[in-house]
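Lettering follows sequence order; numbering is per chain, from 1.
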There are 2 protein chains.
Amino acid sequence: MGRAGLTPERLTLAGAELADEAGFEQVTLSALARRFDVKVASLYSHLKNSQELKTRIALFALEELADRVADAVAGRAGKDALTAFANAYRDYARAHPGRYDAARFRLDPQTAAASAGVRHAQMTRAILRGYDLAEPDQTHAVRMLGSVFHGYVSLETAGGFSHTNVASQESWAWTLDALDAALRTRATP
Amino acid sequence: MGRAGLTPERLTLAGAELADEAGFEQVTLSALARRFDVKVASLYSHLKNSQELKTRIALFALEELADRVADAVAGRAGKDALTAFANAYRDYARAHPGRYDAARFRLDPQTAAASAGVRHAQMTRAILRGYDLAEPDQTHAVRMLGSVFHGYVSLETAGGFSHTNVASQESWAWTLDALDAALRTRATP
DNA sequence: GCGATTTGCCTATATGGTTTAGGTGAACGC
DNA sequence: GCGTTCACCTAAACCATATAGGCAAATCGC
């Protein structure tokens with residue numbers, strides 16, 4: 001009887017793929033075991049429980065998303081950086097809806113603190129350097145940007161924008177314009 | 001053996017309460033049956049399956065939220081209406097996190113079309129009457145506002161804003177200011 | 001009132017996901 | 001070769017979902 005070559009990393013990646021194909025809520029140890037043609041109990045040698053699998057997928061997605069965003073904003077500033085950040089974020093959610101969902105998975109505080117979520121906040125602050133915002137305005141702006149990006153892609157992927165014939169892409173561009181303008185007028189002299 | 005007096009309505013309300021107490025994902029027929037001290041199978045006389053229970057809770061929450069928002073914006077206009085809308089929305093999510101989650105439950109298109117979701121869109125458009133936006137700007141603005149409100153309360157209830165000592169309430173007010181300003185500068189002459 | 005029917009909840013059972021305990025065989029260290 | 005470790009196994013308990021079928025209380029026709 002050959003070995004399937006299970007490792008936490010391979011299980012995490014397969015779980016991420018499964019999430020994109022069938023939705024994050026369909027990520028179960030049973031489904032994962034089927035995918036590797038192995039019995040469910042075998043997975044417990046590599047994962048503490050199903051919670052750990054989901055947490056690992058979440059952390060993996062956060063890293064991957066942070067990498068893409070970092071790549072997109074490198075060498076850009078101002079509205080250019082804002083747009084690159086926002087598009088990288090939205091593109092990731094559209095290309096990997098299951099992983100994006102996973103990135104929203106509730107992590108316990110210490111896991112969250114050690115996650116790439118911190119990089120996300122840092123990159124958002126980096127974007128805002130082009131807008132000359134002093135504290136606490138900068139924190140307010142970080143929260144507003146995070147809210148718009150997350151809210152938009154959540155509603156979009158949930159199909160919320162498909163009932164009118166105005167293209168979502170245009171609303172996205174319009175929203176980024178409005179955000180850029182709002183941030184510029186709030187620059188502290 | 002006395003009767004428990006089960007009806008779809010009472011089960012839906014109890015499910016909503018359960019969602020607020022333990023989280024929407026903890027809403028199961030088993031938990032509901034325990035709450036009424038009946039056997040799980042008995043619930044199937046009143047509900048087709050667990051999917052229907054969740055759908056009913058979602059529709060209930062959408063109605064309730066729409067009622068609160070309608071009440072809040074009545075007789076207001078401009079920034080006053082925007083603030084009232086936004087606060088009613090956020091207050092509901094904070095007071096009833098499980099129901100708010102339920103309102104985000106994926107409905108099939110025809111159920112969604114018959115739901116209070118339609119009222120939400122109408123009310124958002126009503127808010128924008130004070131800002132003189134022509135189409136397609138109005139649709140863009142509806143989407144942006146929906147994204148900010150949903151995104152903000154999602155991140156806030158997920159604990160995303162609890163790691164800095166800047167009060168979330170201040171960021172919320174700042175964000176509403178910024179949105180109001182952005183909408184005013186986009187008014188079509 | 002009394003029989004027939006409907007209603008409300010029941011038991012029993014099947015399916016499938018999670019988790020733990022304990023076992024086996026193949027590979028590897030020496 | 002011998003023992004240990006590792007990767008995967010069987011078995012079994014627990015819980016949620018769902019269906020089938022039964023019984024008794026409530027309700028309706030007369």
For a quick test of reading the model: is some side-chain N or O of A:Ser50 closer than 4.0 Å to OP1 or OP2 of C:dT19? yes

Could B:Asp67 and B:Arg119 be called an ion pair, given the rule that one side-chain N must be under 4.0 Å from one carboxylate O? yes

Whole Å only: how far is the CD atom of A:Glu52 from the P atom of C:dT20? 12 Å

Rounded to whole Å, CD of B:Gln26 lies from P of D:dA16 at a distance of 9 Å

Rounded to the Å, how far apart are B:Asn49 CG and C:dA14 P? 22 Å

In whole angstrom, what separates A:Leu47's CG from D:dC8's P? 12 Å

What is the distance from OH of A:Tyr44 to C1' of D:dC8, rounded to the nearest Å? 15 Å

Are B:Arg125 and B:Thr139 linked by a side-chain donor-acceptor pair shorter than 3.5 Å? yes

Do B:Arg99 and B:Asp20 sit within salt-bridge range, that is, some charged N less than 4.0 Å from a carboxylate O? yes

Quick one: label B:Ser45 by what it contacts on the DNA or RNA (base, sugar-phosphate, nothing), any heavy atom closer than 4.0 Å. base

Just say parallel, tilted or perpendicular for the rings of B:Tyr100 and B:Tyr89, cut-offs at 30° and 60°. perpendicular

One thing to verify: whether A:Arg143 and B:Glu156 come together as a salt bridge, which I'm taking to mean a side-chain N less than 4.0 angstrom from a carboxylate O. no

Could you check whether B:Arg35 pairs with B:Glu21 (Lys NZ or Arg NE/NH1/NH2 to Asp/Glu carboxylate O, under 4.0 Å)? yes

Nearest whole Å is fine: how far is C:dT19 P from A:Leu29 CG? 6 Å

Length of the line joining B:Gln51:CD and D:dA16:P, which is rounded to integer Å: 18 Å

I'd like to know if A:Lys79 pairs up with A:Asp177 as an ion pair, taking the criterion as any Lys NZ or Arg NE/NH1/NH2 lying under 4.0 Å from an Asp or Glu carboxylate oxygen. yes

Below 4.0 angstrom from OP1 or OP2 of D:dC8, is there any side-chain N or O of A:His46? yes

For the pair made of CG in B:Leu43 and P in C:dC9, what is the distance, rounded to whole Å? 9 Å

For DNA chain D, which residues of residues 31-42 of chain A approach it to below 4.0 angstrom with any heavy atom? A:Val38, A:Lys39, A:Ala41, A:Ser42

